Each structure stands twice: as structure tokens, then as C-alpha cells.
Amino acid sequence: MKNAVYIDILKKDSRTRARRGRLHTPHGTIETPVFMPVGTQATVKAMRPEEVKDMGAEIILSNTYHLYLRPGDNIVKEAGGLHKFMNWDRAILTDSGGFQVFSLGKLRKISEEGVKFRSYLDGSPHMLTPEKSIEIQNNLGADIIMAFDECAPYPADRNYVKNSLERTTRWLKRCRDFHKDVERQSLFGIMQGGMYIDLRKQSAEEIVDLDLPGYAIGGLSVGEPREIMYEVLNEAADFLPQDKPRYVMGVGTPDHLFQGVEFGIDMFDCVLPTRLARNGAAMISTGRINIKNQKFERDFTPLDHECDCYTCRNYSRAYLRHLYKSNEILSSMLLSEHNLHFLVNMMKNIRQAIEEDRFLEYKREFYNKYEDYSKLL
RNA sequence: GUGGGUGUCGUCAAGUGGUUAAGACCCAGGGUUGUGGCUCCUGUAUUCGAGAGUUCGAAUCUCUCCAUCCACC
């Protein structure tokens with residue numbers, strides 16, 4: 001029996017744990033390390049699939065929780081699966097709904113069985129269990145499906161985190177037992193353990209034991225200081241197997257991506273680039289800028305001089321500011337395209353740097369230009 | 001020219017004698033990390049068309065002027 005998804009490691013950096021690989025899925029090969037754009041509701045907001053494809057994205061993320069509530073996973077299945085429904089023929093990863101359990105806070109109740117919650121759409125009561133999450137994800141048909149986990153908040157006391165992680169392991173076993181067609185979709189396990197290194201180790205040992213096709217590190221970037229996140233990520237990455245893809249969930253600032261790659265992470269996803277775009281912020285090679293600022297009123301130069309994306313090739317900062325201030329839809333489209341391109345391209349450069357064994361040089365080069373992070377060196 | 005109305009932040013406006021003049025929009029700045037986000041937070045009138053007066057105290061009352069709107073000549 002062959003797993004739907006597996007990774008080939010092509011090259012390892014000689015001075016760090018950074019690795020360059022190739023992730024094989026039923027919907028194509030993905031060059032790693034990779035940044036995955038997020039398309040929660042079966043669409044990368046403000047983007048047409050062709051545009052996402054053209055900028056070089058090979059895999060996107062979508063969401064169990066949202067698609068279950070609307071339009072309903074049965075409808076997606078009837079449409080012929082998520083790929084066909086949304087006109088995206090490359091790889092897809094679906095999140096399990098575990099994170100929504102965490103982020104929807106007040107509307108939920110967690111038990112051993114699963115999570116009771118109320119729909120954010122109409123208040124109707126629902127129950128998400130490991131089995132239900134997998135059933136939904138089977139209907140959606142993504143290449144990679146995620147375990148139904150519990151993401152502990154920050155800060156959280158040790159006892160809570162330990163109980164939570166152990167329950168996540170028990171839930172993972174139920175996910176694995178329920179998921180049958182492993183040649184069509186691969187189930188990834190998720191490590192928890194909060195900011196406690198020994199609990200991270202415990203969680204890793206428990207889930208690695210199940211020999212799944214891939215593993216994620218969850219529960220990071222939930223409000224903890226940057227240094228703590230780095231420290232936990234640094235240690236946690238080493239607890240995962242070398243020959244399986246490693247995925248850090250929900251991380252998306254350039255420094256986090258560099259740091260993750262350096263620690264041996266292969267996959268990342270984040271809403272940040274598209275959300276920032278819709279709110280008028282752009283990620284560019286010199287740092288982050290707010291296109292709504294008055295100083296761009298008469299700035300007729302492109303967003304980023306070093307960028308060759310569609311937006312930067314054709315439009316000025318002044319025009320983008322005008323679109324944002326005028327509340328025009330094109331503002332979200334153009335800025336989303338740029339921000340996504342920025343991260344996807346950055347990962348492409350990282351991959352090339354690893355191949356040429358100059359990852360650290362590229363990192364330094366990038367940080368030196370990026371004003372927010374250059375001071376970290 | 002006559003009669004009447006109106007003049008409070010860039011705009012639309014609350015407020016009709018009592019301490020530091022609502023709110024909305026606009027504007028300015030900031031936030032955003034497995035998306036409940038075309039969103040959220042913060043800031044911006046020592047001043048109420050101008051001047052004088054009444055009063056312990058006025059955006060609120062009186063007078064003059066100015067501006068503007070509506071009727072009628």
C-alpha cells in the first residue's frame with residue numbers, strides 16, 4: 001500500500017538543518033520548503049486560481065470547518081470534490097477544524113468525544129469529532145488532510161497543556177482508524193505541547209509512533225513572544241522524523257519562515273499575506289509598508305522595485321493607495337497578488353540557496369534589506 | 001427691497017443658561033500569523049459665523065453686522 005503523499009529530500013544545507021525536497025501528491029509535485037496560500041472558503045480571497053497558479057503556488061490550504069458549515073461537504077462531494085468545485089487542479093491541504101475550535105473561543109465545549117460548538121453563521125448547534133472531521137475531509141477530497149487536534153491557548157498552564165496534548169493523541173488515533181483511503185489522501189498528525197519543550201517531546205513521541213505520512217507542529221504563533229516561538233520551534237522540529245514532511249501551521253512572517261526552514265521545516269501556511277493585502281499592507285523587500293499612508297499619495301513608483309509580479313510591473317503606489325482609499329475591489333486583488341508572490345518567490349529563492357549551499361548567506365542578505373528584522377542580527 | 005428660515009470639526013449633524021461641546025462619515029496613524037477581518041483600535045473643535053451685551057456662568061438669552069437659503073416684490 002502506497003501513501004498518497006511522500007517527500008524526497010534532495011539536498012541538505014551543510015551548516016543548518018535546512019533541507020530542499022520534493023513533496024509528491026496525487027495532484028502534482030511540490031518543491032519544498034514551500035509556502036501555502038490559504039483559501040479557507042474554497043477560494044484564495046480576491047484571487048483567481050489561474051493567478052495563484054501563475055505566481056508559482058503548487059499547493060493551497062482550505063478549511064473543513066467553513067466548508068462543512070457552508071456549502072456543506074456533501075455538496076462539495078456532489079460537485080466532484082474540492083479540486084473540481086473550485087477549479088484548482090493542483091494539490092490541496094485541508095485543515096481539520098481543530099484551530100477553529102480554538103479561535104472561536106466562547107462558542108464551544110470540549111469533551112473526550114469531540115467539540116460541541118455553535119455555527120458562526122446561524123448559531124445552530126454542531127458537534128465535531130475526530131471521525132466527523134475525517135468524514136468531512138474525505139468528502140472534500142484534499143490530498144493532505146489534517147488530524148483533528150486541540151490547539152492550546154497561550155499562556156496555558158502545564159497541566160492543561162499536558163491533558164490537551166494527550167487528548168490530541170487519542171483523537172489522532174481515532175482519525176487514523178477512521179481514515180481508510182490512504183492512497184488517495186494522506187493524514188498528517190499534529191504535535192502540540194504549548195511552550196513546554198518536554199511536552200513537545202512527549203507529543204512528538206506519541207504521534208510519531210503512529211507512523212503517519214507527515215507531521216505538523218501546531219500551537220505556535222498564538223500570541224507568544226518571538227523568542228519563545230523560535231526556541232520551541234527549534235527543539236520541536238528535531239523531534240520529528242527526517243524522512244517525513246514537516247509542517248509548521250499558521251506561520252507567515254518572513255523571519256518565521258527563514259527560521260523554520262533553518263530548523264528543518266518543509267511546509268508553512270498563513271493567512272497573513274492575503275489578510276494584510278485586504279487591509280492595505282504590503283510585504284516588500286525593504287520591510288512592510290502601509291499603502292494607505294499619506295506619504296504615498298504622489299509616489300508613482302512600484303510597490304517593490306525588486307519585484308516582478310503583475311502588480312509591481314503595472315501599477316504605482318499612488319494608484320494602489322487610491323484604490324484602497326476608494327474601497328475598490330481591485331485594491332484587494334492587486335495587493336493580494338503581490339504579497340502572495342512575495343512569499344512564494346522568497347521561498348523559491350530559499351530553495352535555490354539551499355541547493356547552492358548558501359542558505360545563511362541568502363538569509364543575511366534578505367535580513368539586511370528588511371528593516372524590521374535587520375536589527376535582529 | 002420686504003418677510004421668514006438657517007449659521008456648531010473637512011462633511012452631516014446632537015446640544016435650547018451650569019464643570020473638560022455627543023455621534024457618524026471623512027481624514028491621520030497603528031494592529032492583523034492552521035481567516036467569524038473590504039476589519040478592529042487610537043487620534044483630530046480651548047471652541048460653537050463675527051463683534052458687543054445680559055449673567056456668578058452662554059453654543060444656548062439680547063443687539064448689531066456678515067453669510068446663506070426660501071418666498072414675495
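If you're wondering where the values come from, they're calculated on a predicted model, not measured in any experiment.
With a cut-off of 3.5 Å on both Watson-Crick or G-U wobble distances, the partner of U55(B) is given as none. Nucleotide C65(B) is matched to G49(B) when pairs are restricted to Watson-Crick or G-U wobble geometry with both distances under 3.5 angstrom.
For the P atoms, the distance linking A67(B) with A24(B) amounts to 35 Å, nearest Å. The same atom, P, is picked in U8(B) and in G49(B); the two are 6 Å apart, to the nearest Å. Nucleotides G37(B) and G30(B) have their C1' atoms positioned 16 Å apart, rounded to a whole Å. For the C1' atom pair drawn from A28(B) and G10(B), the interatomic distance equals 13 Å after rounding to whole Å. Rounded to the nearest Å, the gap between the P atom of C63(B) and that of G3(B) is 15 Å. For C56(B) and C61(B), the C1' atoms lie 16 Å apart once the distance is rounded to whole Å. Across the C1' atoms, U55(B) and A14(B) are found 25 Å apart, a figure rounded to whole Å. Spacing of P atoms, G18(B) relative to A58(B), comes out at 12 Å, to the nearest Å.
Judged by distance alone, the side chains of Glu150(A) and Ser164(A) do bring a donor and an acceptor atom under 3.5 Å apart. Arg17(A) and Asn234(A) form a side-chain donor-acceptor contact under 3.5 Å, judged by distance and modelled atom types alone.
The residue Ile190(A) sits close to a base: some heavy atom pair falls under 4.0 Å. Counting non-hydrogen atoms under 4.0 angstrom, Leu276(A) reaches a base of the nucleic acid. As judged by a 4.0 angstrom heavy-atom cut-off over every strand, Gly219(A) is placed among the base-contacting residues. Counting any heavy atom pair closer than 4.0 Å across all strands shown, Ser331(A) reaches no nucleic acid atom. As judged by a 4.0 angstrom heavy-atom cut-off over every strand, Asp149(A) is placed among the base-contacting residues. Ser332(A) comes within 4.0 angstrom of no nucleic acid atom, judged by non-hydrogen atoms across all strands. At a threshold of 4.0 angstrom between heavy atoms, the contacts of Glu150(A) with the nucleic acid are absent.
For G36(B), one of the phosphate oxygens OP1 or OP2 lies less than 4.0 angstrom from a side-chain nitrogen or oxygen of Gln100(A). For Arg278(A), no side-chain nitrogen or oxygen approaches OP1 or OP2 of U35(B) to under 4.0 Å. In this structure, Arg321(A) reaches the A28(B) phosphate: one of its side-chain N or O atoms is under 4.0 Å from OP1 or OP2. The shortest distance between the side-chain N/O atoms of Asn63(A) and the OP1/OP2 oxygens of G34(B) is not below 4.0 Å. Side-chain N/O atoms of Lys325(A) include one lying less than 4.0 angstrom from OP1 or OP2 on A28(B). Taking only side-chain nitrogens and oxygens, Asn279(A) never comes nearer than 4.0 Å to OP1 or OP2 of G31(B).
Atom pair Asn293(A):CG and G31(B):C1' shows a separation of 13 Å (rounding to whole Å applied). For the pair Leu334(A) CG and C38(B) P, the interatomic distance rounds to 17 Å; values are reported in whole Å. Rounded to whole Å, the distance from CD1 on Ile92(A) to P on G34(B) is 19 Å.
Put simply, the side chain of Asp269(A) reaches to within 4.5 Å of the side chain of Met249(A), judged on heavy atoms.
Nearest-nucleotide assignment on RNA chain B puts the 5′-proximal partner with Glu297(A), out of Leu121(A) and Glu297(A). With the nearest nucleotide of RNA chain B identified for both Met146(A) and Tyr324(A), Met146(A) has the one nearer the 5' end.
In this model, no side-chain donor or acceptor of Arg275(A) finds a partner on the base of U32(B) within 3.5 Å. Judged by atom type and distance alone, Ser103(A) does not reach the base of U35(B) through any side-chain donor-acceptor pair under 3.5 Å.
Residues Arg200(A) and Glu235(A) are not paired through a salt bridge, judged by the lack of any N-O separation under 4.0 Å between the basic side chain and the carboxylate. Ion pair Arg15(A)/Glu361(A) flagged as a salt bridge, since at least one NZ, NE, NH1 or NH2 atom sits closer than 4.0 Å to an Asp/Glu carboxylate oxygen. Using a cut-off of 4.0 Å between Lys/Arg side-chain N and Asp/Glu carboxylate O, Glu113(A) and Lys132(A) are scored as not salt-bridged.
For Phe268(A) and His256(A), the gap between ring centers reaches or exceeds 6.0 Å.
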